[in-house]
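Source: prediction; values computed, not measured. Every chain is numbered from 1, with letters handed out A, B, ... down the list of sequences.
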Protein chains: 2
Amino acid sequence: MNLPETIKRPTLHEELVERLRNLVVEDALKPGEKVPEKELCESFGVSRTPLREALKVLASEGLVVLQANRGARVARVTRKELEDTFPVIAMLEQLAGELACQNLNDAEIARIEKRHDAMVKAYKARDRKTYFQANQDIHNALIDGAKNELLESHHRMLAVRVRRARFMVNLSEERWAEAIQEHEQMMEKLRDRDVTGLGQLMKTHMMNKFAAHIKALDLASEDSAESRTLS
Amino acid sequence: MNLPETIKRPTLHEELVERLRNLVVEDALKPGEKVPEKELCESFGVSRTPLREALKVLASEGLVVLQANRGARVARVTRKELEDTFPVIAMLEQLAGELACQNLNDAEIARIEKRHDAMVKAYKARDRKTYFQANQDIHNALIDGAKNELLESHHRMLAVRVRRARFMVNLSEERWAEAIQEHEQMMEKLRDRDVTGLGQLMKTHMMNKFAAHIKALDLASEDSAESRTLS
DNA sequence: TGACTGAATTATGAATTCATAATTACGTTT
DNA sequence: AAACGTAATTATGAATTCATAATTCAGTCA
């Protein structure tokens, strides 16, 4: 039996931060929309105090925007914001790749390979949902593998933005195939413990993803006149 | 007359986030210390509600630690945390250097050179306070020069940690001279618009700073037995 | 004396209340 | 009818109150 592990009792506002973040990321609360304080309080069965505390935290993460005396709105996902996000996240992934190569043990790498195989399988079955999950698991495992809490937390904050953007563009068949290729290469580098190699790959992987997103956005914006902000 | 500029009316809790953050960064609230909710409310002349909202935000930044039903404590600065911080901040500075080289115009670069000269002057006069301020201004100007809000905000969060650590170690004469040298080189690269060059320099500059910090910490910890956490 | 028990006190999380800013609805005027 | 001004309503920020968990302290017993 493995002992202690400090009992986790999530305080109300932490729970709410989680839930609200999910509502935003899963696109249940749409960008630009006003956050319905009253309704949310009722549906969660809590008073305004903890909910507002949670909103403050979400605001500091940039997921909602607070306007003095006018409540909170879900932050819009602008093109500029996406353009800003990717270079930063790419750098973090590069660093994560380098550190993960150094820190992961063989068993951990084997576990990642398993997820990788599952992802490839999902790709072949064109099972988007499973693919996305496995993909996210792999990236998270590599980030965790860096064993750097700061890196992890900052990456998580940025990844939320990208995940949010996922709802706006759809993965093209070409990009999907390309992404799988890149992941294959990443696994190779990881097996070989090629520190700078994996870092480099993860960076370019992210920048390619970025390019695909922007391309998809440009295609999408051909339809609508107001292409400055998305959705 | 240049128009709009949305009127800034800081809400109470934002103001408090600022103030509290300063208390932590300026080491008025010592690491590990309990945050005296009551006293702070009185001294700021506000009720607990906005102060607690501010604490939640500070907690999400990692500056304080919340314990359920036991209030907030100022986060301890551990060695591991510093070791985690620097590589991340170094990557961000590298990216900032690259982007700043591309985005800054001649006038902006000239302004940075002015600050650089002021910094060198402060160095020669051994005026630590002025030096630190000018140094910080330069770094901030380069970060701002990247014109990337995400980069900026994440950098700011991490920089706070380093600034906090400044109170624990003292800049050695050798490292000080070295840092000035590095800054001279940085200005050169900036003038030459050497994108990758400046990026590289800023990264190593930060890692050198890191090494100096760690070295100073090791020297300091020789004195005290409880060297696992600092202060 | 020193460790334990339990009551008193204090601190904390969360609900509620209150004052005010923002929004809406309505009436007036042209 | 459209535009403006004003009153009613609602939403919001912040103070206050309340219930409960944590801490302190006094008293008891070994």
Side-chain angles (χ1 to χ4, degrees), chain A residues 4-24 28-76, chain B residues 4-24 28-76:
Chain A
E5 62 186 70
T6 56
I7 57 171
K8 184 70 178 284
R9 199 174 19 155
T11 166
L12 203 39
H13 104 272
E14 285 178 90
E15 188 74 28
L16 286 174
V17 168
E18 277 279 310
R19 305 279 213 103
L20 287 178
R21 207 203 324 262
N22 279 345
L23 288 184
V24 175
L29 288 171
K30 295 281 189 299
E33 215 173 71
K34 215 162 78 82
V35 179
E37 218 176 83
K38 210 140 164 272
E39 278 83 37
L40 289 172
C41 282
E42 290 176 10
S43 93
F44 286 134
V46 300
S47 76
R48 283 175 60 221
T49 308
L51 190 123
R52 301 182 86 258
E53 290 173 343
L55 284 176
K56 303 284 189 289
V57 173
L58 258 42
S60 84
E61 291 180 10
L63 249 47
V64 304
V65 176
L66 301 178
Q67 302 165 293
N69 293 316
R70 297 207 284 168
R73 291 184 170 280
V74 179
R76 287 173 191 284
Chain B
E5 62 188 68
T6 55
I7 57 171
K8 183 70 178 286
R9 199 173 18 152
T11 167
L12 203 39
H13 104 272
E14 286 179 90
E15 189 75 26
L16 286 174
V17 169
E18 277 279 312
R19 305 279 212 103
L20 287 178
R21 206 203 323 262
N22 279 344
L23 288 184
V24 175
L29 288 172
K30 296 282 190 297
E33 214 172 73
K34 218 163 77 84
V35 179
E37 217 176 82
K38 210 142 166 272
E39 278 83 36
L40 289 172
C41 283
E42 291 176 10
S43 94
F44 286 134
V46 300
S47 76
R48 283 175 61 218
T49 309
L51 190 121
R52 301 183 87 256
E53 289 173 344
L55 284 176
K56 302 283 188 291
V57 173
L58 258 41
S60 85
E61 291 180 10
L63 249 47
V64 304
V65 177
L66 301 178
Q67 300 164 292
N69 292 316
R70 297 208 280 168
R73 290 184 170 279
V74 179
R76 287 172 190 284

- Task: Measure from CG on Leu40(B) to P on dT12(C) and round the result to the nearest Å.
- Result: 11 Å
- Between atom NZ in Lys56(A) and atom C1' in dT12(D), what is the gap in whole Å? 9 Å
- Any side-chain N or O of Thr49(B) less than 4.0 Å from the OP1 or OP2 oxygen of dT17(D)? no
- Nearest to the side chain of Ser47(A) - dT12(C), dA15(C), dA14(D)? dA15(C)
- Query: Could you state the NE2-P distance from His13(B) to dT12(D), rounded to the nearest angstrom?
  - Reply: 15 Å
- Given dT23(D), is OP1 or OP2 found less than 4.0 Å from the side-chain N or O atoms of Arg70(B)? yes
- Note on the structure: NZ of Lys56(A) to NE2 of His13(A), rounded to nearest 0.5 Å, is 11.5 Å
- Query: Distance check: side-chain N/O of Lys34(B) vs OP1/OP2 of dT12(C), anything under 4.0 Å?
  - Reply: yes
- Task: Give, for atom CG of Leu12(A) and atom OG1 of Thr49(A), the distance between the pair rounded to the nearest 0.5 Å.
- Result: 10.0 Å
- Distance, nearest 0.5 Å, that separates CG of Leu29(B) from NZ of Lys34(B): 12.0 Å
- Message: The side chain of Pro50(B) is closest to which nucleotide in this list: dA15(D), dT12(C), dA22(C)?
- Response: dA15(D)
Show me, pair by pair, the donor-acceptor contacts under 3.5 angstrom made by side chains of residues 35-44 of chain A, not counting sequence neighbours?
| residue | atom | partner | partner atom | Å |
| --- | --- | --- | --- | --- |
| Glu37(A) | OE1 | Arg48(A) | NE | 2.6 |
| Glu37(A) | OE1 | Arg48(A) | NH2 | 3.3 |
| Ser43(A) | OG | Leu40(A) | O | 3.4 |

- Could you state the atom-to-atom distance from CG of Leu66(A) to C1' of dA14(D) in whole Å? 15 Å
- Message: In whole Å, I'd like the distance from the CG atom of Asn69(A) to the P atom of dA14(D).
- Response: 8 Å
- Whole angstrom is fine here: how far is it from CD in Glu37(A) over to P in dT10(D)? 16 Å
- Separation of Glu53(B) atom CD from dT12(D) atom P, in whole Å? 14 Å
- Item | Lys38(B) NZ - dT9(C) P separation (whole Å) | 15 Å
